[in-house]
J.: 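Before we start, here is the structure in question, set down as C-alpha cells.
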2 protein chains.
Amino acid sequence: MTDTPRGRAVAILGSTGSVGVSTLALLERFPDRFRAVALAAGRNMERLAAQVRRHGPALVSVADEVAAREFRERVPDYAGRLVVGVDGPLAVATHPEATVVISALVGALGLMPTLAAARAGKDVALANKEVLVVAGELVTQAAREQGVALLPVDSEHNAIFQALQGHNRSEVRRIVLTASGGPFLHHTVAQLASVTVADALKHPTWKMGSKITVDCSTLMNKGLEVIEAHWLFGMPADQIDIVVHPQSIVHSMVEYIDGSVISQMAVPDMTIPIAYALTYPDRLPLSYLPSLDLPAAGTLTFLPPDRERFPCLALAYQALRAGGTMPAVLNAANEVAVERFLAEDVAYRDVPEIVRSVMALHPRGPATDLETLMAADRWAREAASAWSVASGGGRQAATAT
Amino acid sequence: MTDTPRGRAVAILGSTGSVGVSTLALLERFPDRFRAVALAAGRNMERLAAQVRRHGPALVSVADEVAAREFRERVPDYAGRLVVGVDGPLAVATHPEATVVISALVGALGLMPTLAAARAGKDVALANKEVLVVAGELVTQAAREQGVALLPVDSEHNAIFQALQGHNRSEVRRIVLTASGGPFLHHTVAQLASVTVADALKHPTWKMGSKITVDCSTLMNKGLEVIEAHWLFGMPADQIDIVVHPQSIVHSMVEYIDGSVISQMAVPDMTIPIAYALTYPDRLPLSYLPSLDLPAAGTLTFLPPDRERFPCLALAYQALRAGGTMPAVLNAANEVAVERFLAEDVAYRDVPEIVRSVMALHPRGPATDLETLMAADRWAREAASAWSVASGGGRQAATAT
C-alpha cells in the first residue's frame, strides 16, 4: 500500500459534500501530487457523476438502489466498482490503493468507515467531528495501534495542529478554539425563541451543509469541537477554551506556559486545512487563493462566549467531563434535534432542551466498544425523536425565564 | 565552556537598560536555571550596584573612570573583576564561563562585543538590532562558522522565530512585521512638523529607552527591524512586509505558501521573548505574568504603513536593497539625527531628511570587513553631525509639500 508515481491515492467519504468538493478541486489543481481512487457519496448523483467523469475513481459508493440507478444512467460507461448502501463507505474507506482517507460524511454515519480506515492502516484526514465525539477513544486507539496519522481538517483543529508544530506539547497551557458566534451572536433570549429554519441556515462566513450550519448557530458545533480537540490533542476539558471571533480569521490558538499564543490565520477557505492535512508536514503553494489581507480585513474582535444564551456549549463540556457514552448521547440527541428543527417539527430553542433532556435520562457508562456506543447512540436518537414539548417540559421552562 | 549545575551562565551587554533589567529579573525568578556571570553597564551605577549585590557576577564593566569610582564607592567589597572603558563590553561578551550573551547595548556600540561573543563560540540573544543592521553579514557568518545560535530578543523577531518553528523555511511566502505605528500614527504631515521631544518619548505600549522610542515614532525602528529580519531569517527585502497594528498584541507573523499565517501573540512584556531566547527550544512557566486576554483586549486592528508620512521606512528598504555599507550608513546617520533631535538641535522632521541626505552622499561599497563598516559608520556620523537645515535643504522641501 504505497503511493505511486501518479501521486498520493486519496479516498473520500462524502465526496459530494462541501469538504469533498473542495478536496476534489484541490486534487484537480495538483494532478501530479494526488489522485482520487474511491468516492463515497449519498444521493447527489448529478454531482457524483461529474466527479466520476473527471477523476475516474476505481470505486464509488452511493446511498441506495435509487441513487445507484440514477448513477448508472448518468455514467453508463463507468468501468469501476459501484457499491450500494452501508457497505459502500466501508469499502471506500478500506480501498486497497488508498493511503489517506478524507472522512467527511455528515454526522455519526462516518464513524464505522473512519474506524475501519484507521484499522486498515490508512492515514485519516478528519473533517467529520462526530467521529471523535462519539468514539474518540476507539479511533485514537486504532490510530495509535496502526501507527497512522489522524489529521484534522476542521479549520479550528487544523489551526491548533499547525500552532503545535515545533513546540513542546508538555508546555501547552491551553488551547483556544475560535467560534464565529454564528448568526445569532447578538440575539436576546427572546429573539432566539423565534428563530426560523431560514434564519439558522445563514452563516456569516463559511458555506457549509445545513446540519453543521445549525450547529454553528447554536454553538453546539463548537461544543463538539471541544470534545474533538480533547481527543486529537490529548487535552483535558479545562485546558480547552473558546473565544468568539466573528471575523473567522484567527482559526484557533495555542497558549503556552510562557504566555506566548501561537495562532493560525487565513482567509476562510477549507482548501487550506484540507491541503495541510493531505501534505503535512509540507505545504502546497495555494497561490490561486486570495491572500489574507489584514489591513483590508480591518478589525478582529474577540468576545467571551455566552454560555447562558448558548446552552449547547455547557452541555458539550458536561458530556466531555462525564465521558464514556455521554458524548455519543449528546451528539445523537443533537443530530435528531437539528433534523426535527430543520423539518419544522420543533422550535429552535428546543434543540438544546432536547439534548439536555436526553442526557439527563442517560445512565453514564464506559465506552469500551463500538456496540456499546452504537446502542447509546440508538437509544439517544429514540429518546430525542420521542421528545415533545409536553414530555420535555423545556419549552415552558424556557418561556418562563 | 559548559553550563554548570548552577544553571546557564549568562553575560549581559547592557545590564542596566530595559532588556538587561528584564533579563536579570527573569534570572532571579529561576535561580536554578540561570546565573549572571558578567554584566556590562554604562553610567547608571546606582542600578548596576544593586544588580551586582543581588547577582554577584564575576565580571563587571562600566563606561569610564568616573563610573568606576562611583561603582567602587557603592560596592566597596566587590570581589569580582571590574573593567573600564571600551574593553569592558568585549571582556563581558567573551567571559570564559558564559555560554550565552544577551546583546542589549544601545546602537552600534554593541557591534564589536557581539561579534566577539559569536566568534568566541557563545550563543547570542540579540536585542540590539543595530548589530545586524550594520554588520549582518559578518555576524551571521561568524555564528555559522562557530555553530552558535543567534536568538532574536526583539518581540517582533522573536515572534517570527516562534512562528517558523516546525514549518519549512522554503515554504515561507513572506514575513510580516507588526508595528505599533508609534504615537504619531494619525498625525498629518503638518502635525509631524511640530513634534517635540516630549511628544516623541511617549510610546503607546512599550516602555523603552529614548533612542528606540524616537525610532518607533519615525518607524525607523521598523525599518531597522526589516534589515535585521533579512539577516536573521535569510529573507530578501520583497518578502518582508510591515503592517501597522496599534495594539501590539500580534507581535509578528509568517505567511506560508498555502496562505496560512502563523503568528505569535502575547501581552507586551519583554520577559517572554527574553525567556524564549534563553531557553529555546523549551519554554519557562511565566505564570506570574498576566495572560493574554483577547476578549479584554477587545479589538485588534491592522493598517498599511504610510510610507509618505513615515519616510524612514522607505529609506531602510532602500538601504537593505543597496546592501554593503549602506545599512551601516542609514543606522549611523539615524543615531546622530535622533541624538540631535533629542538635544533639540534639529526638528523632528529633520531626522529622515538627515538620513536621506547622508545616504545620498554615500558611495555604495561592499561590507567585506569590520574596518570598512566602521569607516562608513564614522563617515556617516560626521556627515549627519555636519548636516544643517541650509546645507540639507530638506526642511524647505518638506515645508513646500
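By convention in this document, chain letters (A, B, ...) are assigned in the order of the sequence lines, proteins followed by strands, and residues within each chain are numbered from 1.
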J.: May I ask you to test the B:M253-A:L294 pair for a side-chain heavy-atom distance under 4.5 Å?
T.: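 Side-chain contact under 4.5 Å: yes.
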J.: Under 4.5 Å between any side-chain heavy atoms of A:P285 and B:R173, yes or no?
T.: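 No, too far: nothing below the 4.5 Å cut-off.
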J.: Among B:G259, B:A275, B:A296, B:S260, which residue has the highest count of heavy-atom pairs closer than 4.5 Å to chain A?
T.: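 Ranked by contacts with chain A, first place is B:S260.
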J.: Please output the residues of residues 162-170 of chain A in contact with chain B, using a heavy-atom cutoff of under 4.5 Å, in numerical order.
T.: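 A:Q162, A:Q165, A:G166, A:H167, A:N168, listed by number.
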J.: Report yes if some heavy atom in the side chain of B:I262 is under 4.5 Å from a heavy atom in the side chain of A:I262; otherwise report no.
T.: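 Yes. Closest side-chain heavy atoms under 4.5 Å.
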J.: Can you tell me which residue among B:I249, B:L292, B:V250, B:V267 is in a side chain to side chain contact (heavy atoms under 4.5 Å, CB included) with A:V261?
T.: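 Single pass found, and it is B:L292.
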J.: What part of A:D282 is in contact with chain B, defined as an atom under 4.5 angstrom from a non-hydrogen atom: side chain, backbone, both or neither?
T.: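 For A:D282, the contact with chain B is made by backbone and side chain together.
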J.: Nearest 0.5 Å please: distance from the OG1 atom of B:T299 over to the CG atom of A:L300.
T.: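 So the OG1 of B:T299 and the CG of A:L300 are separated by 9.0 Å.
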J.: Within the 4.5 Å heavy-atom criterion, are A:P295 and B:V243 side-chain neighbours or not?
T.: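 SC-SC contact between A:P295 and B:V243 confirmed.
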J.: Mind ranking A:P290, A:P304, A:A159 by heavy-atom pairs under 4.5 Å with chain B and telling me who comes out on top?
T.: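 Most heavy-atom pairs within the cutoff with chain B belong to A:P304.
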J.: Could you go through A:D293 and B:F302, starting from their C-alpha distance and side-chain angles, then the distance that decides it, and tell me whether this counts as side-chain contact (heavy atoms from CB on, under 4.5 Å)?
T.: CA-CA 9 Å; A:D293 183 346; B:F302 301 90; over 6 Å; no
J.: Tell me the closest heavy-atom pair linking B:E171 and A:P281, and the distance in Å.
T.: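 It is OE1-O, 4.3 Å.
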J.: So, taking the atom named CG in A:D258 and the one named CG in B:L26, what distance separates them when rounded to the nearest 0.5 Å?
T.: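 Rounded to the nearest 0.5 Å, the CG-CG separation comes out at 10.5 Å.
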J.: Restricting to pairs with a member in residues 257-278 of chain A, which pass ring pair (Phe, Tyr, Trp, His ring centres under 6.0 Å), not counting sequence neighbours?
T.: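 As it turns out, the ring pair (Phe, Tyr, Trp, His ring centres under 6.0 Å) pairs with a partner in residues 257-278 of chain A, which skip direct neighbours, are A:Y276-A:Y280.
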J.: Suppose we screen for side chain to side chain donor-acceptor pair (under 3.5 Å). Which residues come up paired with B:T301, at least two apart in sequence or across chains?
T.: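 Result, side chain to side chain donor-acceptor pair (under 3.5 Å) vs B:T301: B:Q247.
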J.: May I have all residue pairs that pass side-chain hydrogen bond (donor to acceptor under 3.5 Å, both in side chains) and include part of residues 228-237 of chain A, sequence neighbours excluded?
T.: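 Qualifying pairs, neighbours excluded: A:H157-A:E228.
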